[in-house]
Student: 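Let me give you the structure first, and then I'll get to my questions.
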Protein chains: 2
Amino acid sequence: MSKLKPVLTKKQKKILAFIAKFSEDNGYPPTFKEIADKFLLTIGTIQDHIAALSKKGFLEKRAEKARGFIVVKNSDGGPLVSKSDVNMIPLYGNVAAGEPIFASDNIQGYITMEKSARGHNLHFALKVKGESMTDSGIYDGDIVIVRKQDAADDGDVVIALLDDEATVKTLRNSKIKAYLEASNSRYKSIINKPFKIIGKVIELRREYYPA
Amino acid sequence: MSKLKPVLTKKQKKILAFIAKFSEDNGYPPTFKEIADKFLLTIGTIQDHIAALSKKGFLEKRAEKARGFIVVKNSDGGPLVSKSDVNMIPLYGNVAAGEPIFASDNIQGYITMEKSARGHNLHFALKVKGESMTDSGIYDGDIVIVRKQDAADDGDVVIALLDDEATVKTLRNSKIKAYLEASNSRYKSIINKPFKIIGKVIELRREYYPA
DNA sequence: AATTATGCCATATTCACTTATGGTAAAATA
DNA sequence: TATTTTACCATAAGTGAATATGGCATAATT
């Protein structure tokens, strides 16, 4: 209903935005002087602005430290992306049978993922090929984010190594034996071949082109 | 096949890692002295290390600037997350008919998305409710990332406002009239109701729990 | 064996930067 | 109307921080 947000003046917004952008561009925040130069103001004026901004809680100032402040809130109130919240993980393409999956030659790029609070295990992403999982909503071209592990539970969608090829399947751990289930009825489940689980799918992404 | 990577010594790795972590934690890089204190070394020694690291291309040094260096490469060669590559967008939950969708009360959180090169239009995310799009691989609980726009092409998956309620459907722009198509045969398409397009789905995400 | 890179020290110098102080003036608020 | 906030100025002082030099001892290369 009602929200009392400390309002920034236009000037303050501009300065905050400049500090944020400068930090992004350069990897470190600007000095008072650098801000002053940008706005054709003097250092004293910037002192006042910084004081105002940190009093309003958009900035945190570390006393007596060069470039010692950080933008805490965005000028429009939204949260900031913190580098420590995000991870870069490699995206692997499909590999021909026999080729090593995790070869660095096979990295097609990197994608960002939210850093899962605890357990910063090893994650990677894989581009799905084939139609065998369409009934589970996993389509050709989708990207699955995988956590490396060599075991999983019944019903988990897993990446398995089968004849030296990586495939996406649902794991079935029946009492008699474990097998890999395709979710598309036109595809056969894999029951009598040995396989090795290399990871569990924890997220799926699909991009709709053209962007 | 062969890649010649400039190898870092253990000490250099440690120092690089410290600089990276310090920058993340504090929002600005450390000074020479702060590094020296951490490793119980002197400033002179750190000078050498910084020189070595930047000569090897892991660090970039801005001369005569306080805290003026940035980690360019990770010690293990992987790319760094750059804040400017990632955006925070709000995730909206489902709203009851009549309620405003973009109310800030309805923000269920924020998710990160790769910043699309150009066109930083307004994006938002929406949690899908219902089964009407399962044949297109969009399931209940999935999250769609939407770019705000009020028109779309035939076949685009869109978010439409219908009776004051936001729904995910496929847009059909036949010659006669435009309508919204459900992809699950058990659901009817919406042909004779007025609707308003508020955005186009550009990405889908599904989280598999438990993590 | 000779050379280069690593890893460390100390001291001195020179800016880079923040802080402190004390003004002036207009606009917003009580 | 009185008072607070915003928005600016100038100047001096005092550290914070990078740079410059030179030297020493090992390990790794050539």
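Chain A is the first sequence line, chain B the second, and so forth, proteins listed ahead of strands; every chain is numbered from 1. Being a predicted model, the structure only gives us computed values, none of them experimental. Both backbone and side-chain heavy atoms feed into the values below; hydrogens, waters and symmetry mates do not.
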Student: Can you give me the bend angle of the helix from C:dT3-D:dA28 to C:dA30-D:dT1? Use the axis through the first five pairs and the one through the last five, nearest 10 degrees.
Tutor: 40°
Student: Inspect the contact between A:Lys65 and B:Glu34 and indicate whether a charged nitrogen and a carboxylate oxygen are less than 4.0 angstrom apart.
Tutor: yes
Student: Among residues 61-71 of chain A, which ones have heavy-atom contacts with DNA chain C below 4.0 Å?
Tutor: A:Lys61, A:Ala63, A:Glu64, A:Lys65, A:Ala66, A:Arg67
Student: Using atom CD1 of B:Ile35 as one end and atom C1' of D:dA17 as the other, report the distance to the nearest whole Å.
Tutor: 12 Å
Student: Measure the distance from CG on B:Asp37 to P on D:dA17 and round it to the nearest whole Å.
Tutor: 11 Å
Student: Could you tell me which residues satisfy side-chain hydrogen bond (donor to acceptor under 3.5 Å, both in side chains) with B:Asp37, sequence neighbours excluded, listed by chain and number?
Tutor: B:Lys33
Student: Phosphate oxygens OP1/OP2 of D:dA7: is one of them under 4.0 Å from a side-chain N or O of A:Thr9?
Tutor: yes
Student: My understanding is that only residues two or more places apart in sequence, or in another chain, count here; which of them pass side-chain hydrogen bond (donor to acceptor under 3.5 Å, both in side chains) with A:Asp154?
Tutor: A:Arg172
Student: Check step by step if ring pair (Phe, Tyr, Trp, His ring centres under 6.0 Å) holds for A:Phe69 and B:Tyr28.
Tutor: CA-CA 8 Å; A:Phe69 41 70; B:Tyr28 45 80; 8.4 Å; no
Student: Please report the distance, rounded to the nearest Å, between CG in A:Leu16 and P in D:dA7.
Tutor: 13 Å
Student: Find the distance A:Lys56:NZ to D:dA7:C1' and express it as a whole number of Å.
Tutor: 12 Å
Student: Show every ring-ring contact (aromatic ring centres under 6.0 Å, His included) that has at least one partner inside residues 136-160 of chain B, sequence neighbours left out.
Tutor: none
Student: Roughly how many Å is it from NZ in B:Lys10 to C1' in C:dA5, rounded to a whole number?
Tutor: 17 Å
Student: Does A:Lys55 have more than 12 heavy atoms from other residues, nucleotides or ligands lying within 6.0 Å of its NZ?
Tutor: no
Student: I need the NZ-C1' distance between A:Lys14 and D:dA7, as an integer number of Å.
Tutor: 13 Å
Student: Can you tell me how far C1' of D:dA7 sits from NZ of A:Lys13, to the nearest Å?
Tutor: 17 Å
Student: Under a 4.5 Å cut-off applied to non-hydrogen side-chain atoms, are B:Tyr179 and B:Ile190 in contact?
Tutor: no
Student: Does a salt bridge link A:Lys193 with A:Asp163, judged by any charged N lying under 4.0 Å from a carboxylate O?
Tutor: yes
Student: What is the separation between atom OH on B:Tyr28 and atom C1' on C:dT18, rounded to the nearest whole Å?
Tutor: 13 Å
Student: Quick one: which of B:Val144, B:Thr170, B:Asp142 gives a side chain to side chain contact (heavy atoms under 4.5 Å, CB included) with B:Met133?
Tutor: B:Thr170
Student: Would you tabulate the pairs of protein nitrogen or oxygen atoms and nucleotide nitrogen or oxygen atoms of nucleotides 8-11 of chain D closer than 3.5 angstrom?
Tutor:
{"residue": "D:dC8", "atom": "OP1", "partner": "A:Lys11", "partner atom": "NZ", "Å": "2.7"}
{"residue": "D:dC8", "atom": "OP2", "partner": "A:Lys11", "partner atom": "NZ", "Å": "3.3"}
{"residue": "D:dC8", "atom": "N4", "partner": "A:Asp48", "partner atom": "OD2", "Å": "2.5"}
{"residue": "D:dC9", "atom": "OP2", "partner": "A:Thr42", "partner atom": "N", "Å": "2.8"}
{"residue": "D:dC9", "atom": "OP2", "partner": "A:Thr42", "partner atom": "OG1", "Å": "3.1"}
{"residue": "D:dC9", "atom": "OP2", "partner": "A:Thr45", "partner atom": "OG1", "Å": "2.7"}

Student: Looking at OH of A:Tyr92 and NZ of A:Lys127, how far apart are the two atoms once the value is rounded to the nearest 0.5 Å?
Tutor: 15.5 Å
Student: Is B:Arg205 salt-bridged to B:Glu207, cutoff N-O under 4.0 Å?
Tutor: no
